[in-house]
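One structure is given below, encoded as structure tokens.
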Amino acid sequence: MKIIHTADWHIGKVLHKEPLNDDIRMFFDWLEAYIYAEVPDVLLISGDIYDFANPSNKDQEMYYSMLSRLAKTGITTIITGGNHDSVSLLNAPKPLLKNFKIHVLGGIDENLEKHIISIKNKDGNLACVILAVPFLRERDLKTADTADKMTDDIDSVSLAVKSYYDRWVEMAQEKFGNDVPIIAMGHLF
């Protein structure tokens, strides 16, 4: 099984007053060519699709154009939101994108099982399970069972993040068994 993992596209980024969209387009051209050449099974994109939570229409067009190109390759694509991304903006086209084998999880879904995505090989057999974890915001980490224990220190935040990942691993093992590889993708800082 071949997997490509990318992150931090930061569409719309300006560095020292220079827009980086031409560089991002070159990366997209390279990525598409690489997918056609290597024929991977899955593309993982771990957050910070955009550089701003409210990207320009031009930046959104660049993103959707790339998703269209990815759909044409036939690759299964899993996208999670990052700390720069708007959860609702990424999630808005979810139902449509799923028809093109593009799974989007902009933020934590109430149903945690939606973050567990099974990947089949070319023979149709289960090859691995992806834990698609978006950036965990403070409101996600301070759930009812952890809020009273959490302080603002790094250790308590790390423990809360670990708790989420542990829960998804347990859920995946309960559903698919212990012999299936589990790949956790996430966006942290």
Side-chain angles (χ1 to χ4, degrees), residues 1-11 24 27-28 30-50 63 66-67 69-85 87 90-91 93-137 140-141 143 146 157-189:
M1 168 157 268
K2 290 184 183 179
I3 298 171
I4 298 175
H5 178 252
T6 71
D8 296 282
W9 289 3
H10 286 278
I11 298 170
I24 294 166
F27 166 69
F28 287 167
W30 172 86
L31 181 60
E32 180 183 25
Y34 189 81
I35 289 169
Y36 278 117
E38 295 296 322
V39 193
D41 300 282
V42 179
L43 170 65
L44 307 177
I45 308 167
S46 296
D48 283 354
I49 303 304
Y50 297 110
Y63 171 62
M66 186 57 192
L67 293 184
R69 292 165 68 180
L70 291 172
K72 289 176 187 170
T73 71
I75 192 169
T76 297
T77 302
I78 301 172
I79 301 168
T80 58
N83 55 302
H84 283 239
D85 297 314
V87 173
L90 286 183
N91 282 347
K94 268 170 77 162
L96 176 64
L97 293 174
K98 196 152 186 158
N99 292 318
F100 301 103
K101 296 173 36 178
I102 299 173
H103 305 266
V104 178
L105 290 133
I108 296 298
D109 194 286
E110 288 177 6
N111 179 357
L112 293 181
E113 283 192 26
K114 289 189 178 182
H115 294 272
I116 301 171
I117 301 170
S118 60
I119 303 297
K120 296 187 177 178
N121 61 22
K122 290 170 180 41
D123 299 327
N125 298 318
L126 182 64
C128 71
V129 173
I130 307 291
L131 306 181
V133 183
F135 177 72
L136 297 167
R137 291 166 170 30
D140 301 320
L141 299 175
T143 59
T146 62
V157 171
S158 296
L159 288 172
V161 169
K162 181 183 180 315
S163 174
Y164 261 107
Y165 279 86
D166 288 346
R167 201 170 344 163
W168 276 308
V169 168
E170 288 172 17
M171 291 169 66
Q173 288 175 332
E174 285 174 17
K175 186 170 184 177
F176 298 104
N178 293 330
D179 296 331
V180 177
I182 296 173
I183 299 168
M185 62 183 286
H187 186 89
L188 305 165
F189 70 79

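Keep in mind that this is a model prediction, so the values were computed, not measured.
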How far apart are the closest heavy atoms of [X] and [Y], and which atoms are they?
X: G106; Y: N91; result: N-OD1, 2.7 Å
X: L90; Y: P93; result: O-CD, 3.3 Å
X: P134; Y: G107; result: CG-C, 3.4 Å
X: A132; Y: I78; result: CB-CG2, 3.7 Å
X: G47; Y: D85; result: C-OD2, 3.7 Å
X: L131; Y: A172; result: CD2-CB, 4.1 Å

Interatomic spacing from [atom1] in [X] to [atom2] in [Y] - rounded to 0.5 Å:
X: Y63; Y: F28; atom1: OH; atom2: CZ; result: 9.5 Å
X: L70; Y: L43; atom1: CG; atom2: CG; result: 6.0 Å
X: F176; Y: I116; atom1: CZ; atom2: CD1; result: 7.0 Å
X: R167; Y: L112; atom1: CZ; atom2: CG; result: 5.5 Å
X: T80; Y: L136; atom1: OG1; atom2: CG; result: 10.0 Å
X: T76; Y: K120; atom1: OG1; atom2: NZ; result: 11.0 Å

### Task
May I ask you to check whether over 12 heavy atoms, not counting those of D179, lie within 6.0 Å of atom CG?
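No, not enclosed.
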### Query
Taking atom NZ of K2 as the centre, does the number of heavy atoms from other residues, nucleotides or ligands within less than 6.0 Å exceed 12?
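Enclosed: over 12 neighbouring heavy atoms sit under 6.0 Å from NZ of K2.
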Going by heavy atoms in the side chains, are [X] and [Y] under 4.5 Å from each other?
X: I11; Y: I49; answer: yes
X: W168; Y: I182; answer: no
X: I79; Y: L97; answer: no
X: I117; Y: L105; answer: yes
X: V133; Y: Y165; answer: yes
X: M1; Y: I119; answer: yes
X: P40; Y: I75; answer: yes
X: K72; Y: Y36; answer: yes

Checking the side chain of [X] only, and the main-chain atoms of [Y] only, is there a donor and an acceptor separated by less than 3.5 Å?
X: N121; Y: A127; answer: no
X: K101; Y: G74; answer: yes
X: D109; Y: N111; answer: yes
X: D48; Y: H10; answer: no

### Query
Excluding sequence neighbours, so at least two apart, what forms side chain to side chain donor-acceptor pair (under 3.5 Å) with H103?
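In terms of side chain to side chain donor-acceptor pair (under 3.5 Å), with neighbours along the sequence ignored, H103 is linked to no residue.
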### Query
Applying the side chain to side chain contact (heavy atoms under 4.5 Å, CB included) test to I4, which of I45, T77, I35, D41 qualifies?
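Checked I45, T77, I35, D41 against I4; only one passes side chain to side chain contact (heavy atoms under 4.5 Å, CB included): I35.
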#### Entry: Donor-acceptor side-chain pairing of H187 and N83 below 3.5 angstrom
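Indeed, the side chains of H187 and N83 share at least one donor-acceptor pair under 3.5 Å.
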